[in-house]
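The chains referred to below are lettered A, B, ... by the order of the sequence lines, with proteins before strands, and numbering in each begins at 1. Values below: every heavy atom of this structure, side chains too, minus hydrogens, waters and symmetry copies.
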Amino acid sequence: MIDMWDEDKIHDFRATLLNWYDEAGRADLPWRENHDPYRVWVSEIMLQQTQVQTVIPYFNRFMSMFPTLNDLASAPEQALLKAWEGLGYYSRVRNMQKAAIQVRDDYQGVWPDNMATLEKLTGIGPYTAAAIASIAFNEAVPAIDGNAFRVFARLFKIDADIAQPKTRKVFFELGLQLIDPARPGDFNQAIMDLGSSYMSAKNFDSEHSPVKQFNAAYADGTEEFYPVKTKAPKPKPITYFALAVKSPAGYLWEQRPADGLLANFWTMPLYALTDFVNDPDADWTMEEMIAATEQRLLTDYGVKATLAKLAGRPVTHVYTHQKWTVTVLTAEVTEQDLTRGTWRPKTALAADPQPKIQEKIWTKI
DNA sequence: AATTCGTGGCG
DNA sequence: TCGCCAAGAAT
């Protein structure tokens with residue numbers, strides 16, 4: 001149960017928070033230059049699960065390449081993926097283009113000015129809808145992100161598990177009472193700035209926080225226990241072979257499927273060990289695994305080659321739910337007809353959107 | 001409700 | 001090396 005503040009304390013909190021924000025908020029961030037909804041939207045999508053420092057250069061580049069909603073709506077997907085390359089969660093940019101088309105065609109190019117309607121757009125959920133509505137259109141709705149979860153949980157010592165979807169409602173209702181109706185956008189951004197500084201997850205400094213007198217967890221030294229969040233399962237280990245097959249026409253190269261992990265990105269052929277080993281406990285030698293991979297290369301791509309394992313360690317990459325260990329196998333062939341994939345010169349393939357794991361594979365070759 | 005979907009930073 | 005976190009949404 002939340003021990004809610006009285007009216008006076010709420011007003012005191014708003015004034016204290018916003019005074020601090022006016023003095024010490026990060027006014028220098030490029031997306032705070034103005035409150036144009038397109039600009040706010042692009043920044044909020046990029047900032048999902050991504051740190052400010054990482055986003056800044058991507059944001060500036062993206063706004064130069066796609067200055068208006070119409071530019072984004074009509075861009076080729078490969079150009080969008082290339083602009084997003086390295087940011088991760090690539091469905092974000094595909095969904096952005098869908099939403100841009102929705103606004104252009106279904107809303108005559110005019111942005112919806114309220115949270116409920118914004119939430120109907122693809123890729124815009126409750127957090128992003130509230131952020132845009134409050135910052136661009138002054139609607140008094142709280143933007144409940146990781147920062148708001150953490151800040152509110154500590155201020156009120158809320159024990160609800162923020163990993164559970166139903167918990168969002170508790171924080172949203174609380175935020176509705178706290179938010180300053182006169183400056184909702186600034187209030188939301190102030191909470192975020194606070195949550196990424198004095199009230200961060202680790203190395204927080206509540207002692208010097210502008211709202212320390214409102215912090216119930218600080219009062220009894222229990223901040224480190226808030227917010228309550230059940231831990232995620234460990235990433236599942238997966239073993240892969242990457243095939244670096246070189247011909248006079250370039251490397252064997254192909255685009256990943258349109259759905260799932262790294263959709264539509266370009267990589268060298270990748271085989272999971274489980275693609276040809278049914279028994280996970282099978283004790284194959286490296287020679288046997290290479291022979292099996294050669295067989296697949298011939299069957300799937302029509303390429304006959306003798307693969308060799310590179311010296312040194314495999315490359316690894318950790319995703320949210322998978323941990324990849326990739327052994328790179330190389331071969332040189334004379335040009336052959338392909339039944340799948342394409343030959344692409346190294347100078348040309350740099351233009352293709354590639355995932356981080358492919359970048360790591362290149363370093364081994 | 002529980003899974004899926006990237007990458008970089010940091011203790 | 002490892003675990004956790006960072007301005008979440010779709011299915």
Side-chain angles (χ1 to χ4, degrees), chain A residues 25-26 29-32 40-59 81 84-96 98-99 118-132 134-135 142-151 161-169 171-172 175 185 187-197 199-204 224 227 229-237 256-265 267 313 316-325 353-360:
Chain A
R26 301 196 55 182
L29 297 175
W31 45 88
R32 289 184 181 173
V40 173
W41 172 56
V42 171
S43 71
E44 290 301 341
I45 299 295
M46 282 191 176
L47 285 161
Q48 289 170 6
Q49 303 293 285
T50 311
Q51 300 194 101
V52 166
Q53 178 188 335
T54 303
V55 166
I56 291 174
Y58 281 91
F59 176 81
L81 293 180
W84 211 265
E85 180 183 57
L87 259 190
Y89 289 144
Y90 300 103
S91 64
R92 287 185 291 177
V93 71
R94 270 188 287 266
N95 287 338
M96 269 211 306
K98 290 180 189 169
L118 285 164
E119 223 173 323
K120 296 180 189 300
L121 300 172
T122 305
I124 297 184
Y127 162 75
T128 305
I132 298 171
S134 63
I135 296 170
I144 308 301
D145 69 332
N147 290 305
F149 273 124
R150 184 171 53 257
V151 169
D161 181 2
I162 67 168
Q164 301 207 325
K166 63 180 180 182
T167 302
R168 167 173 296 278
K169 179 179 168 63
F171 284 78
F172 185 82
F187 180 94
N188 281 330
Q189 293 180 90
I191 293 292
M192 296 187 231
D193 283 11
L194 192 58
S196 59
S197 58
M199 297 186 70
S200 56
K202 298 174 184 173
N203 301 325
F204 45 83
E224 61 180 302
K229 184 181 182 182
T230 58
K231 61 178 186 224
K234 274 201 256 185
K236 179 185 169 188
R256 291 175 60 83
D259 297 311
L261 187 66
L262 304 172
N264 286 347
F265 272 61
T267 67
R313 298 201 152 284
T316 64
H317 192 76
V318 181
Y319 299 95
T320 308
H321 289 88
Q322 298 177 5
K323 179 189 166 96
W324 287 15
T325 299
Q354 300 170 45
K356 186 55 59 178
I357 185 63
Q358 179 60 52
E359 206 172 286
K360 292 180 179 177

Legend entry - Protein-nucleotide distance (A:Y319, atom OH; C:dC5, atom P), rounded to Å: 22 Å
Inset, instruction - Please indicate whether A:K360 has more than 12 foreign heavy atoms, meaning atoms of other residues, nucleotides or ligands, lying under 6.0 Å from its NZ. - result: yes
Inset, instruction - Check whether any side-chain N or O of A:T50 sits under 3.5 Å from a backbone N or O of A:Q48 as a donor-acceptor pair, and report yes or no. - result: yes
Legend entry - Phosphate-side-chain proximity, A:Q49 and C:dG8, N/O vs OP1/OP2 below 4.0 Å: yes
Inset, instruction - For A:V318, answer base if it contacts any base atom (sugar-phosphate contacts may also be present), sugar-phosphate if it contacts only those atoms, and nothing otherwise; contact means non-hydrogen atoms under 4.0 Å. - result: base
Inset, instruction - Measure from CH2 on A:W41 to P on C:dG8 and round the result to the nearest Å. - result: 17 Å
Inset, instruction - Name the nucleic acid region contacted by A:G195, choosing base, sugar-phosphate or nothing; use a 4.0 angstrom heavy-atom cut-off, strictly under. - result: nothing
Inset, instruction - Starting from P on C:dA7, measure out to CE on A:M199 and report it in whole angstrom. - result: 13 Å
Inset, instruction - Would you mind classifying the nucleic acid contact of A:N203 as base, sugar-phosphate or nothing, using non-hydrogen atoms under 4.0 angstrom? - result: sugar-phosphate
Inset, instruction - For A:Q354 and for A:K202, find the nucleotide of DNA chain B with the closest heavy atom, then tell me which residue's nucleotide is more 5'. - result: A:Q354
Legend entry - Gap in Å between the two C1' atoms, one belonging to B:dG6 and one to C:dC4, rounded: 15 Å
Inset, instruction - Enter the distance from A:Q358:CD to A:T267:OG1 here, rounded to the nearest 0.5 Å. - result: 6.0 Å
Inset, instruction - Considering just the side-chain nitrogens and oxygens of A:R150, establish if one lies under 4.0 Å of OP1 or OP2 belonging to C:dA6. - result: yes
Inset, instruction - Quote, to the nearest angstrom, the C1' distance that separates B:dA1 from C:dA9. - result: 15 Å
Inset, instruction - Could you verify whether a donor N or O on one side chain and an acceptor N or O on the other, from A:Y127 and A:E44, lie under 3.5 Å apart? - result: yes
Inset, instruction - Measure from CE on A:M96 to C1' on C:dA9 and round the result to the nearest Å. - result: 13 Å
Legend entry - Distance, rounded to the nearest Å, where A:R168 contributes CZ and C:dA10 contributes C1': 13 Å
Inset, instruction - Mind calculating the distance between CD1 (A:I132) and C1' (C:dA7) to the nearest angstrom? - result: 12 Å
Inset, instruction - Scan residues 86-94 of chain A against DNA chain B and write down, sorted by residue number, each residue with any heavy atom closer than 4.0 Å; if none is found, say none. - result: A:G86, A:L87, A:G88, A:Y89, A:Y90
Legend entry - Interatomic distance, A:L81 atom CG to A:R94 atom CZ [nearest 0.5 angstrom]: 5.5 Å
Inset, instruction - Both distances under 3.5 Å, Watson-Crick or G-U wobble: on that basis, could you give the dot-bracket string for DNA chain B, with [ ] for crossing pairs and | for other-strand partners? - result: .||||.|||||
Inset, instruction - For residues A:H317 and A:Y319, establish whether the separation of their ring centroids is below 6.0 Å. - result: yes
Legend entry - Backbone N/O of A:R26 and side chain of A:D193: donor-acceptor pair under 3.5 Å: yes
Legend entry - Interatomic distance, A:I45 CD1 vs C:dA10 C1' [rounded to whole Å]: 12 Å
Inset, instruction - Indicate, with a heavy-atom threshold strictly under 4.0 Å, whether A:A201 touches base, sugar-phosphate, or nothing. - result: sugar-phosphate
Inset, instruction - Identify whether any heavy atom of A:S43 sits under 4.0 Å from a base atom; if not, whether one sits that close to sugar-phosphate; answer base, sugar-phosphate or nothing. - result: nothing
Legend entry - Whole-Å C1' distance, C:dA6 and B:dC5: 15 Å
Inset, instruction - Starting at atom CD of A:Q48, determine the distance to atom C1' of C:dG8, rounded to an integer number of angstrom. - result: 5 Å
Legend entry - Minimum heavy-atom distance between A:A148 and A:F171, given as atom pair plus value: O-CD2, 4.2 Å
Inset, instruction - Would you confirm whether A:S43, through its side chain, and A:V40, through its main-chain N or O, come within 3.5 Å as a donor-acceptor pair? - result: yes
Legend entry - Shortest non-hydrogen contact from A:A258 toward A:N264: CA-OD1, 3.2 Å
Inset, instruction - Would you please test A:Q354 and A:E85 for side-chain contact (heavy atoms from CB on, under 4.5 Å) and show each step? - result: CA-CA 7 Å; A:Q354 300 170 45; A:E85 180 183 57; 3.8 Å; yes
Legend entry - Touch class at under 4.0 angstrom, heavy-atom based, for A:W324 against every strand present: nothing
Inset, instruction - Enter the distance from A:M192:CE to A:D145:CG here, rounded to the nearest 0.5 Å. - result: 5.0 Å
Inset, instruction - Please confirm whether the backbone N or O of A:W84 pairs with a side-chain atom of A:R92, one donor and one acceptor, at under 3.5 Å? - result: no
Inset, instruction - Check whether any side-chain nitrogen or oxygen of A:T128 sits under 4.0 Å from OP1 or OP2 of C:dA9, and answer yes or no. - result: yes
Inset, instruction - Would you check if the side chain of A:T167 reaches a backbone N or O of A:D161 as a donor-acceptor pair within less than 3.5 Å? - result: yes
Legend entry - Opening and closing nucleotides of DNA chain B in contact with chain A, under 4.0 Å to non-hydrogen atoms: B:dA1 to B:dG11
Inset, instruction - Scan A:K323 against the nucleic acid and name what it touches under 4.0 Å (heavy atoms): base, sugar-phosphate only, or nothing. - result: sugar-phosphate
Inset, instruction - Using the closest heavy atom to pick a nucleotide of DNA chain C for each, name whichever of A:G125 or A:Q51 lands nearer the 5' end. - result: A:Q51
Inset, instruction - Would you indicate what A:T54 reaches in the nucleic acid, counting non-hydrogen atoms under 4.0 angstrom: base, sugar-phosphate, or nothing? - result: nothing
Inset, instruction - Starting from the 5' end of DNA chain C, give me the residue, A:L29 or A:E119, whose nearest nucleotide shows up first. - result: A:L29
Legend entry - C:dA7 and B:dT3, which share atom name P, separated by this distance in whole Å: 24 Å
Inset, instruction - Describe the nucleic acid contact of A:R32 in one word from base, sugar-phosphate, nothing, applying a heavy-atom distance below 4.0 Å. - result: base
